[in-house]
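Beneath this line is the structure, given in C-alpha cells, with notes to follow.
Index from 1, following the sequence. The structure displayed is predicted, hence computed values, not measured ones.
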Amino acid sequence: KDKQKLEIHALINSREARFTNFVDYRKIKVIYRRYAGLFFCFGVDRSDNDLAVLEFIHLLVDVLDLFFTDVCELDLVFNFHKVYMILDEMIMSGEMQEVSRKAILERLNVWNKS
C-alpha cells in the first residue's frame with residue numbers, strides 16, 4: 001500500500017494545473033482536487049461518474065471548512081477522528097449518502113456538542 005501511495009502521489013503531484021483532475025492508475029481511476037497545499041484524492045471504479053466524485057470532493061471540502069472554520073492541514077491531522085466522522089455522515093457502503101450541507105452540519109453539530 002505504501003508503494004501505491006507513493007506512486008499516486010508522484011503521478012498527481014507532477015501533473016500541471018492545466019491537466020484534468022482524472023488519472024487512470026492500474027485498475028482504478030484516481031480523481032483529485034487541489035485546495036491550497038492539500039490534495040483530496042479518491043480512487044474509484046472506472047465506471048463511476050467523474051464529475052459526481054469531483055463535486056463530492058468539493059462538498060467534502062466545503063463541509064470541512066464550515067465545520068472547522070477555515071480548515072487547514074493541522075485540523076485534519078489532529079482531528080482525524082472528526083474527519084472520519086464527517087465522511088461517515090456523507091458516505092455509506094462506498095456510496096454517497098448525504099449531499100445536503102445543512103443536514104450534514106446539523107448532525108455534526110449535535111454530535112460535537114455532546
Side-chain angles (χ1 to χ4, degrees):
K1 285 196 169 199
D2 288 335
K3 182 181 176 186
Q4 287 179 345
K5 290 178 190 176
L6 290 173
E7 288 174 355
I8 291 172
H9 176 266
L11 181 66
I12 291 173
N13 203 28
S14 64
R15 290 173 61 89
E16 294 181 31
R18 63 185 172 97
F19 293 153
T20 65
N21 295 352
F22 317 112
V23 179
D24 285 328
Y25 175 77
R26 298 186 185 173
K27 294 182 180 182
I28 63 168
K29 186 173 9 177
V30 177
I31 300 174
Y32 68 95
R33 191 144 186 199
R34 182 179 181 168
Y35 290 91
L38 298 174
F39 283 93
F40 291 84
C41 308
F42 280 75
V44 299
D45 290 334
R46 291 180 187 244
S47 61
D48 285 347
N49 186 331
D50 299 348
L51 296 178
V53 176
L54 201 58
E55 279 300 311
F56 180 79
I57 293 171
H58 183 70
L59 174 66
L60 173 63
V61 172
D62 278 351
V63 170
L64 288 170
D65 196 47
L66 293 169
F67 185 75
F68 288 112
T69 314
D70 295 327
V71 68
C72 67
E73 182 179 5
L74 293 176
D75 291 325
L76 303 179
V77 171
F78 292 115
N79 297 296
F80 68 91
H81 58 287
K82 291 183 180 180
V83 175
Y84 282 127
M85 178 193 62
I86 292 169
L87 284 169
D88 283 344
E89 286 294 326
M90 299 172 73
I91 298 175
M92 182 181 289
S93 301
E95 298 293 328
M96 287 183 260
Q97 193 66 27
E98 183 63 70
V99 294
S100 168
R101 283 174 188 80
K102 182 180 176 186
I104 295 166
L105 288 170
E106 285 174 358
R107 284 190 291 239
L108 293 174
N109 287 330
V110 166
W111 180 86
N112 202 30
K113 288 178 184 178
S114 59

Given side chain to side chain contact (heavy atoms under 4.5 Å, CB included), test Phe42 with Asp48 step by step and report yes or no.
CA-CA 11 Å; Phe42 280 75; Asp48 285 347; over 6 Å; no

Evaluation steps, side chain to side chain contact (heavy atoms under 4.5 Å, CB included), between Lys82 and Asn112:
CA-CA 9 Å; Lys82 291 183 180 180; Asn112 202 30; 3.5 Å; yes

Would Val44 and Phe56 satisfy side chain to side chain contact (heavy atoms under 4.5 Å, CB included), going step by step from the backbone distance to the final call?
CA-CA 12 Å; Val44 299; Phe56 180 79; over 6 Å; no

For Glu98 and Glu89, run side chain to side chain contact (heavy atoms under 4.5 Å, CB included): C-alpha distance rounded to whole Å, both residues' side-chain angles, the deciding distance at 0.1 Å, then the answer.
CA-CA 7 Å; Glu98 183 63 70; Glu89 286 294 326; over 6 Å; no

Is [Y] reachable from [X] through a run of I, L, V, M, F, W or Y residues, each pair having side-chain heavy atoms under 4.5 Å apart?
X: Val30; Y: Phe40; answer: no
X: Ile91; Y: Phe67; answer: yes
X: Ile12; Y: Tyr25; answer: yes
X: Ile8; Y: Phe19; answer: no
X: Val61; Y: Leu76; answer: yes

Taking atom CZ of Phe80 as the centre, does the number of heavy atoms from other residues, nucleotides or ligands within less than 6.0 Å exceed 12?
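No, not enclosed.
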
How far does [atom1] of [X] sit from [atom2] of [Y], to the nearest 0.5 angstrom?
X: Ile57; Y: Arg34; atom1: CD1; atom2: CZ; value: 14.5 Å
X: Phe68; Y: Leu74; atom1: CZ; atom2: CG; value: 11.5 Å
X: Asn79; Y: Met85; atom1: CG; atom2: CE; value: 9.5 Å
X: Leu60; Y: Arg101; atom1: CG; atom2: CZ; value: 11.0 Å
X: Ile86; Y: Leu108; atom1: CD1; atom2: CG; value: 5.0 Å
X: Gln4; Y: Arg26; atom1: CD; atom2: CZ; value: 5.0 Å

What's the shortest heavy-atom distance between [X] and [Y], and which atoms?
X: Lys29; Y: Asp45; value: CE-O, 3.7 Å
X: Gly43; Y: Ile28; value: CA-CD1, 4.0 Å
X: Leu38; Y: Cys72; value: CD1-C, 4.5 Å

What is the ring orientation for Tyr32 with Phe39, classed by angle as parallel under 30°, tilted 30 to 60°, or perpendicular over 60°?
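Tilted, since the angle between the ring planes falls between 30° and 60°.
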
Of Asp65, Asp62, Val63, which meets side-chain contact (heavy atoms from CB on, under 4.5 Å) against Val71?
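Only one of Asp65, Asp62, Val63 forms a side-chain contact (heavy atoms from CB on, under 4.5 Å) with Val71, namely Asp65.
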
Would you find a donor on one side and an acceptor on the other, under 3.5 Å apart, between the side chain of Arg15 and the backbone of Thr20?
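Yes; at least one donor-acceptor contact below 3.5 Å.
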
Salt bridge between Arg46 and Asp24, side-chain N to carboxylate O under 4.0 Å?
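Counted as a salt bridge, because a side-chain N and a carboxylate O are separated by less than 4.0 Å.
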
